[in-house]
Amino acid sequence: MEIEAKRWGFRGKQELNAASASTVRGYLNQIIARINKDNSSSVIRLGHGDPSHFPSFKTTPAAEDAIVDALRSAKHNCYAPSAGVLPARRAIADYLNRDLPCKLSPDDVYLTSGCTQAIEVAINVLSRPGANILLPRPGFPYYESCSAYNHLEVRHYDLLPEKGWEVDLDGVESIADENTVALVIINPGNPCGNVFSYEQLHKVAETARKLGILVISDEAYDNLAFGSTRYVPMRVLGSTVPVLTLGSISKRWIVPGWRLGWIVTSDPNGILKKSGVIDSIAEFLNISSDPATFIQNSCHFFMKQAATPQILENTKEDFFSKIISTLRECADICYNRIEEIPSLTCPKKPEGSMFVMVKLNLSMLEDINDDMDFCLKLAEEESVIVLPEKQRINGCRDSSEIEELASHYFCY
């Protein structure tokens, strides 16, 4: 017998539809669905930031051995503290302390399930009615999704391609107001492949201090810099402006599936403590999930080794150097081949992370309307997956601006 269902009191949450559609995974699903199954060519997946899929990128045996040892010890099958196990937090603090004028302590480190959860923590802690956050354009779309879900207004500042993707600081000041809570900066850049200089970061810190806002520094690609610009973490400027550093072992150790990240407070002046942000981070972690305990304890062992000078000078440095060398070689190949294609240009040769931004000359392409159309047809005809930049340049205040910016770029 069919049950009458007119009065059921539950339904799906509509906000999730919009939030999910604007993520990298949302766009990837659309593009992958267009692959021609009758095409015998192998699918070339260039549209994600997971290096472990490619044979050139393998993690270090020290990390694998640490996982095995932690599991076989049977000492790490328990729940972990909400902020993370102390040995792992201490090891990460030591790892991040190199070249810092004001040293971090384990109490400044909170462990998360990858950098994605670190983003969720930061957005949840800062969201309140009427508040807004400043995000880079282009940027990582999960910030938009998470902000929308938490009813935190998003305002975009531009990264300037003609200036090597520098921050438009005048634009930052023009869109900030008394309800602005933070500015997000991604360094090394995702998706632009840029690395911010110390001088640029110092200007960002001074601007944020002037506006009375904190800086969220997304350093998921920490130390993956291979160009002429030296990588400098934003936390070196913690005495100028409060900084929340978001990071993980995913990219540098080539283990994104291990889901171990962190949110770190750099604030020697105690502003985050006085404002209640520190307490809110701890309270949010009390009601959220944790990284697996054995992963945390494994992290203690191999992160401690990575932070030890003697190890860095030997096998560990060899491991990191090989990754950097491979990324540099890949960047050179991509940039040089792009330069050979008349309809494509690269505003700046990538110097960091694992992405490159490419500009389309639509006037030279037949039957291509915009970047999404290009990506869909490339997948369908050639089984090559790249990401449209429209998904990373959302939120423009002017529809013509969307058309001008978003329709002309894609990244991989």
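The basis for the numbers below is simple: all heavy atoms, side chains too, and nothing from hydrogens, waters or symmetry mates.
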Novice: Between Thr326 and Phe57, is the side-chain contact (heavy atoms from CB on, under 4.5 Å) condition met? List the steps.
Specialist: CA-CA 8 Å; Thr326 302; Phe57 295 99; 3.7 Å; yes
Novice: How about Asn361 and Ser343: does a side-chain donor come under 3.5 Å of a side-chain acceptor?
Specialist: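 No, because no side-chain N or O of Asn361 sits under 3.5 Å from a partner of the opposite role on Ser343.
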Novice: What's the separation between atom CZ in Arg89 and atom OH in Tyr110, rounded to the nearest 0.5 Å?
Specialist: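 Reported value, rounded in 0.5 Å steps: 7.5 Å.
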Novice: Evaluate the side-chain proximity of Met357 to Pro161: yes if any heavy-atom separation is below 4.5 Å, no if none is.
Specialist: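 Sidechains of Met357 and Pro161: no contact.
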Novice: In the structure I gave you, are the side-chain heavy atoms of Val167 and Leu159 within less than 4.5 Å of one another anywhere?
Specialist: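 Touching, per the 4.5 Å side-chain cut-off.
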Novice: Testing the 3.5 Å rule here: is there a donor-acceptor pair between the side chains of Gln296 and His76?
Specialist: no
Novice: Taking the six-membered ring for Trp, is the centroid-to-centroid distance between Phe355 and Trp165 below 6.0 Å?
Specialist: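 No, too far apart.
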Novice: Which distance, rounded to the nearest 0.5 Å, do you find between the OG of Ser147 and the CG of Leu135?
Specialist: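 Result: 5.5 Å between the selected atoms.
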Novice: Between Tyr231 and Glu219, does any side-chain donor sit less than 3.5 Å from a side-chain acceptor?
Specialist: yes
Novice: Hey, does Lys377 have a side-chain heavy atom less than 4.5 Å from the side chain of Asp367?
Specialist: yes
Novice: Let me see the working for Ile67 and Phe294 under side-chain contact (heavy atoms from CB on, under 4.5 Å), right down to the final yes or no.
Specialist: CA-CA 7 Å; Ile67 293 291; Phe294 75 90; 4.0 Å; yes
Novice: For Ser298 and Ala66, indicate whether the former's side chain and the latter's backbone hold a donor-acceptor pair under 3.5 Å.
Specialist: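 It does hold such a pair.
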Novice: Using a 3.5 Å distance criterion without hydrogens, assess whether the side chain of Thr112 forms a donor-acceptor pair with backbone atoms of Trp262.
Specialist: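 Judged by distance alone, yes, a pair lies under 3.5 Å.
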Novice: Tell me whether Asp371 contacts the main-chain N or O of Glu389 through its side chain, where contact means a donor paired with an acceptor under 3.5 Å.
Specialist: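 Here the side-chain-to-backbone pair exists.
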Novice: Show the nearest heavy-atom pair for residues Ser248 and Cys115, with the distance to one decimal.
Specialist: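 That would be CB-N, 3.9 Å.
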Novice: Hydrogens and angles aside, do Asp222 and Tyr95 bring a side-chain donor and acceptor to less than 3.5 Å of each other?
Specialist: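 The criterion, which ignores hydrogens and geometry beyond distance, is satisfied for Tyr95 and Asp222.
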Novice: Indicate the atoms forming the closest heavy-atom contact of Ser353 with Gly189, along with that distance.
Specialist: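 In this case the closest contact between Ser353 and Gly189 is OG-O, 2.7 Å.
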Novice: Answer yes or no: is there a side-chain heavy-atom contact under 4.5 Å between Leu272 and Leu244?
Specialist: yes
Novice: Taking atom OG of Ser217 and atom CD1 of Ile263, what is their separation to the nearest 0.5 Å?
Specialist: 11.5 Å
Novice: To check you understand the geometry: which heavy-atom pair defines the closest contact between Ile216 and Ala122, and what is its length?
Specialist: CD1-CB, 4.0 Å
Novice: With no hydrogens and no angle check, just 3.5 Å: does a side-chain donor-acceptor pair link Glu206 and Thr240?
Specialist: no
Novice: Measure the shortest side-chain to side-chain distance between Thr207 and Leu183 over non-hydrogen atoms and say whether it is less than 4.5 angstrom.
Specialist: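 Side-chain contact under 4.5 Å: no.
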Novice: One pair to check against side-chain contact (heavy atoms from CB on, under 4.5 Å): Tyr157 and Asp168. What are the steps and the verdict?
Specialist: CA-CA 7 Å; Tyr157 67 87; Asp168 179 5; 5.6 Å; no
Novice: Could you tell me if the side chain of Glu64 sits less than 4.5 Å from the side chain of Thr59, heavy atoms only?
Specialist: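 Yes, their side chains come closer than 4.5 Å.
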Novice: Please examine the side chains of Ile119 and Thr116, heavy atoms only from C-beta on, and report whether any two atoms are closer than 4.5 Å.
Specialist: no
Novice: Give a yes or no on whether a salt bridge exists between Lys349 and Asp332, defined as a side-chain N under 4.0 angstrom from a carboxylate O.
Specialist: yes
Novice: Checking Gln117 side chain against Pro291 main chain: does a donor-acceptor pair fall under 3.5 Å?
Specialist: no
Novice: May I ask you to decide if Cys192's main-chain N or O and Lys348's side chain share a donor-acceptor pair within less than 3.5 Å?
Specialist: no
Novice: Do any N or O atoms from the side chain of Lys359 and from the backbone of Thr345 form a donor-acceptor pair under 3.5 angstrom?
Specialist: no
Novice: Nearest 0.5 Å, please: how far is CD in Glu351 from CZ in Arg328?
Specialist: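 The CD atom of Glu351 is 10.5 Å from CZ of Arg328, to the nearest 0.5 Å.
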Novice: Is Lys210 atom NZ crowded by more than 12 heavy atoms from other residues, nucleotides or ligands, each under 6.0 Å away?
Specialist: no
Novice: How long is the span from the CG atom in Asp218 to the CD1 atom in Ile186, to the nearest 0.5 Å?
Specialist: 5.0 Å
Novice: Any heavy-atom pair between the side chains of Ser266 and Leu104 that's under 4.5 Å?
Specialist: yes
Novice: State, to 0.1 Å, how close Tyr142 and Thr23 come at their nearest heavy-atom pair, and which atoms those are.
Specialist: CD1-CG2, 4.4 Å
Novice: Nearest heavy-atom pair of Leu28 and His48: which atoms, and what distance?
Specialist: CD1-CB, 4.2 Å
Novice: Does Met372 offer a backbone N or O that forms a donor-acceptor pair with the side chain of Asp370 under 3.5 Å?
Specialist: yes
Novice: Below 30° counts as parallel, above 60° as perpendicular, anything between as tilted: where do the rings of Phe140 and Tyr143 land?
Specialist: perpendicular
Novice: Leu376 and Gln30: which non-hydrogen atoms are nearest, and at how many Å?
Specialist: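 Between these two residues, the closest heavy atoms are CD2-O, 3.8 Å.
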Novice: Is it the case that over 12 heavy atoms from other parts of the model lie below 6.0 angstrom from the CZ atom of Phe284?
Specialist: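 Yes, enclosed.
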Novice: Please check if the side chain of Ser321 supplies one atom and the backbone of Asp318 the other of a donor-acceptor pair under 3.5 Å.
Specialist: no
Novice: To the nearest 0.5 Å, what is the distance between CG on Leu152 and CD1 on Ile123?
Specialist: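 Rounded to the nearest 0.5 Å, the CG-CD1 separation comes to 5.5 Å.
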Novice: For the rings on Phe320 and Trp253, is their centre-to-centre separation under 6.0 Å?
Specialist: yes
Novice: Evaluate the side-chain contact (heavy atoms from CB on, under 4.5 Å) criterion for residues Arg230 and Tyr198: first the C-alpha distance (whole Å), next the side-chain angles of each, then the deciding distance (0.1 Å), finally the verdict.
Specialist: CA-CA 8 Å; Arg230 177 174 169 265; Tyr198 174 82; 5.9 Å; no
Novice: Please check: side-chain N/O of Asn187 versus main-chain N/O of Phe196, any donor-acceptor pairing under 3.5 Å?
Specialist: yes
Novice: Which of these, Asp267, Asp279, Asp107, sits in a salt bridge (charged side-chain N to carboxylate O under 4.0 Å, His left out) with Lys273?
Specialist: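 Only match with Lys273 under salt bridge (charged side-chain N to carboxylate O under 4.0 Å, His left out): Asp279.
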Novice: Check for a donor-acceptor pair, side chain of Asp158 on one end and backbone N or O of Leu160 on the other, with a separation under 3.5 Å.
Specialist: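 No, Asp158 side chain to Leu160 backbone: no donor-acceptor pair under 3.5 Å.
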Novice: Taking atom CD of Glu329 as the centre, does the number of heavy atoms from other residues, nucleotides or ligands within less than 6.0 Å exceed 12?
Specialist: no
